[in-house]
Structures are given as C-alpha cells and as structure tokens.
Amino acid sequence: MMEKDGKIYVAGHRGMVGSAICRVLEKQGYTNIVTRSHNELNLCRQDEVEAFFGQEKPDYVFLAAAKVGGIMANNEALADFMYENMILEMNVIHSAWQNGCKKLMFLGSSCIYPKLAPQPIKESCLLTSSLEETNEAYALAKISGLKYCEYLNRQYGTDFISVMPTNLYGPNDNYHPDHSHVLPAMIRRFHEAKVSGAPEVVCWGTGSVLREFLYVDDMADACVYLMNTYSGNETVNLGTGKDMTIRELAELVAKVVGYVGAIRWDSSKPDGTPRKLLDVSKLEALGYHYTTELEDGIRLAYRDFLENPIRTER
C-alpha cells in the first residue's frame with residue numbers, strides 16, 4: 001500500500017491521463033504529490049531527469065507522460081513518436097530505479113498488441129504477431145518501456161508494474177482538429193457542425209471497425225487501485241470489456257452533442273486496426289470494475305469541451 005504521505009511523482013500531470021491520476025490521488029487523501037511542467041523538467045533530457053530524481057527521491061511514480069496523437073499524427077511523425085516516447089520513458093524508469101523508488105507504474109497503450117490479435121485481447125498476446133502499421137512506432141516504444149520494467153524486476157528485484165489502457169476520453173482531452181483521437185475529434189466536429197448548421201459531418205474510414213472506450217477517471221481509479229494491490233511482470237489490461245463500431249460511436253456522439261444532420265463516411269481514409277477489444281478478466285479478478293457508462297462519460301467530456309475551449313487549439 002502507498003503511504004498517504006509518501007512522495008508520489010506523476011509524470012505528465014497536465015495531460016488527460018496524468019491529471020486524472022492526480023484527481024484520484026487527491027480525492028483518496030494522498031498529500032505529497034510532486035509534479036513538474038515540461039518547461040520545468042524535460043523528460044527527454046537525461047541530465048535533467050537524473051537531477052530531478054536525485055533531488056526529490058520520489059517513493060512512487062506514475063509514468064503517464066507521453067507523446068500521443070491519432071492516426072494522422074502517428075503517420076506524419078513516426079520517428080518523433082518512437083524517439084520521444086522511448087527516450088523519456090527510459091530516462092524516468094532508469095532514474096526511478098537508481099534512486100530507490102519503491103514502486104513505479106508505466107502506462108502503455110492497447111496498440112502494443114498485434115493488429116490481428118484474437119479478440120478479446122489477453123495480456124499474453126503481446127509480441128505474438130505484427131503490429132498495426134499506422135502506430136507501429138508508438139507501439140514499439142511502449143513495448144520497450146513495459147519490457148524494461150519487467151527486466152528491472154527480474155534482474156534487480158524492483159516492483160515496477162505496467163498497465164495497458166484501452167482508448168481513453170474525458171476531462172482535459174485534446175480536441176485538436178487533426179491530431180486528436182477519434183472520440184474527442186468527433187465531439188469537436190459534431191459540435192462545430194451543430195453551431196454552423198452544417199447539413200452533414202464527414203467521418204474517416206468506413207465506420208465498421210470496432211473500438212472500446214474507458215472514461216479517464218475510471219482508468220485513474222484503476223491505476224491507484226493496482227498500485228496498492230498488484231505486483232507482477234505481466235501487464236494488466238484496463239478497459240470495459242465492451243466495444244462498438246465507430247459508426248455507432250458517431251451516432252452516439254451526435255446524439256449527446258445535439259447534432260441532427262447527416263453523417264457521411266470517407267472510405268478513402270484509413271480505418272486502423274479492425275478490432276481492439278481488451279480482455280479485462282485479469283483486472284476484474286484483481287477486484288476492479290469500471291463505473292462510468294459510455295453515454296454518461298461522453299456527456300461529461302462534452303461539458304468539459306464546452307467549458308475549456310483553449311484545449312481545442314492544441
């Protein structure tokens with residue numbers, strides 16, 4: 001169990017995932033949360049990371065910092081996604097080990113699993129076949145991070161764990177028109193179409209691929225829960241165990257936003273992985289189950305979008 005006054009470093013606290021972890025920690029009474037902005041600490045600079053850990057000596061680390069983006073962003077910056085993610089996670093994990101961190105959680109992504117993995121995807125599917133091409137660089141970086149945690153555990157007896165969240169959404173998401181993920185992109189697109197009175201909204205792909213979505217505060221709650229209850233070399237999937245087609249998602253977002261026009265699908269754009277549903281039986285066996293249903297979560301996310309317009313400019 002993490003001590004309530006133990007020093008907890010949340011890397012990436014300004015992002016959607018890191019800010020949610022901070023909210024949950026504060027709600028549960030943790031009083032010694034350490035954060036640094038990118039301007040204060042560049043995680044891609046080894047000397048800065050080593051100096052930070054040497055000074056602060058955090059007891060616990062949540063590694064939620066990452067360079068992230070949707071299909072377009074991944075396709076346009078393959079080298080950047082691989083380099084920045086790999087170097088920042090190696091810097092943080094290595095310095096945590098060197099400075100006696102009691103426990104670290106590395107947050108990955110479900111894109112680490114093979115493109116055509118059996119559904120629902122079990123944790124044991126990792127590295128059994130080829131990855132989805134559009135986010136292969138990001139996935140390889142994340143696989144390297146979780147494997148480094150495993151290897152430190154095996155070689156040095158650390159207690160470093162990893163979790164693999166499904167597609168996340170919620171407060172503090174990125175609503176950039178080109179570089180956001182599918183759900184926040186739809187929220188912005190349908191909202192702007194409603195405001196402008198556009199007769200139709202064009203969505204990428206065929207709409208037939210299947211995706212699973214987890215509200216980010218549920219993910220953060222699961223992360224804190226696992227930091228207190230789980231140790232092991234194998235990653236843990238974080239999800240709902242339920243998915244829907246992107247077409248169904250678009251219709252649900254349109255309903256929540258209040259858009260009544262037509263939805264047209266541009267099949268010249270990529271779909272990505274055909275299906276990506278996580279097997280969450282391990283998570284549930286460990287005693288955790290999500291609480292926020294998708295429509296309720298989209299309503300919360302849309303309210304956040306309306307209240308924080310600056311996030312649409314990222």
Side-chain angles (χ1 to χ4, degrees), residues 17 61-69 71 74 78 81-90 92-94 96-97 103-168 181 209-214 219 222-223 225-227 229-243 271-286 288 290:
V17 172
V61 173
F62 288 87
L63 180 41
K67 180 179 177 64
V68 298
I71 290 177
N74 274 272
L78 293 167
F81 269 83
M82 186 170 192
Y83 174 80
E84 291 186 32
N85 281 296
M86 189 170 290
I87 198 166
L88 78 83
E89 67 199 27
M90 291 297 167
V92 171
I93 297 168
H94 187 72
W97 163 62
K103 192 161 191 173
L104 177 145
M105 174 177 282
F106 174 72
L107 287 100
S109 165
S110 56
C111 71
I112 66 166
Y113 292 120
K115 178 178 181 177
L116 300 178
Q119 304 289 321
I121 306 171
K122 293 183 178 294
E123 290 87 351
S124 57
C125 284
L126 183 65
L127 296 176
T128 55
S129 60
S130 59
L131 301 164
E132 161 61 37
E133 295 84 356
T134 56
N135 56 21
E136 182 181 73
Y138 180 69
L140 287 171
K142 288 296 186 180
I143 292 170
S144 297
L146 74 89
K147 281 296 182 181
Y148 188 44
C149 289
E150 176 189 338
Y151 298 152
L152 285 172
N153 290 347
R154 289 166 56 183
Q155 186 172 349
Y156 295 107
T158 52
D159 189 6
F160 290 3
I161 63 175
S162 64
V163 295
M164 292 301 119
T166 188
N167 299 289
L168 302 171
H181 289 99
V209 298
L210 293 151
R211 290 293 181 271
E212 174 186 19
F213 298 92
L214 178 67
M219 182 269 335
C223 286
Y225 177 82
L226 291 173
M227 277 290 272
T229 60
Y230 176 72
S231 294
N233 289 333
E234 188 179 61
T235 190
V236 181
N237 289 337
L238 304 184
T240 64
K242 299 188 292 187
D243 59 5
D271 270 330
T273 306
R275 192 183 190 195
K276 196 164 59 173
L277 176 65
L278 295 184
D279 185 319
V280 294
S281 57
K282 180 176 180 178
L283 177 65
E284 293 180 344
L286 290 168
Y288 185 84
Y290 79 98

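Since we're looking at a predicted model, the values are computed, not measured.
For Asn85 (side chain) and Lys67 (main-chain N/O), a donor-acceptor pair under 3.5 Å exists by modelled atom type. Judged by distance alone, the side chain of Asn167 and the main-chain N or O of Phe213 form no donor-acceptor pair under 3.5 Å. Proximity of a side-chain donor or acceptor of Glu132 to a complementary backbone N or O of Cys111 within less than 3.5 Å is not detected. Proximity of a side-chain donor or acceptor of Tyr225 to a complementary backbone N or O of Leu286 within less than 3.5 Å is detected. No side-chain donor-acceptor contact under 3.5 Å links Ser144 to the backbone of Met86. Without hydrogens or angle criteria, Lys142 side chain to Leu107 main chain gives a donor-acceptor distance under 3.5 Å.
Taking CE of Met90 as the start and OH of Tyr148 as the end, the distance is 7.0 Å to the nearest 0.5 Å. Atoms CG and NZ, from Leu152 and Lys147 in turn, are 13.0 Å apart once rounded to the nearest 0.5 Å. A distance of 8.0 Å separates CZ in Arg211 from CG in Asp271, rounded to the nearest 0.5 Å.
By the 30° and 60° cut-offs, the orientation of the rings of Tyr156 relative to Trp97 is tilted.
The two residues Met227 and Ile161 have their closest heavy-atom pair at SD-CD1, 4.2 Å. When all heavy atoms are compared, the tightest approach of Leu278 to Ser110 is CD2-CB, 3.8 Å. Annotation for Leu226 and Val236: closest pair CD1-CG1, 4.0 Å, computed over non-hydrogen atoms. The two residues Cys149 and Ile93 make their nearest non-hydrogen contact at SG-CD1, 3.8 Å. The two residues Met164 and Thr235 make their nearest non-hydrogen contact at CG-OG1, 3.2 Å. Taking every heavy atom of both residues into account, Pro165 and Met219 meet most closely at CB-CG, 4.1 Å.
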Let me check something: any side-chain donor-acceptor pairs from residues 118-127 under 3.5 Å, sequence neighbours excluded? List them with distances.
unit_1	atom_1	unit_2	atom_2	d
Gln119	OE1	Leu277	N	2.8
Gln119	NE2	Ala117	O	3.0
Gln119	NE2	Arg275	O	3.1
Lys122	NZ	Asp279	OD2	2.9
Glu123	OE2	Asn237	N	2.9

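Under a 4.0 Å N-O distance rule, the pair Glu234/Lys282 qualifies as a salt bridge.
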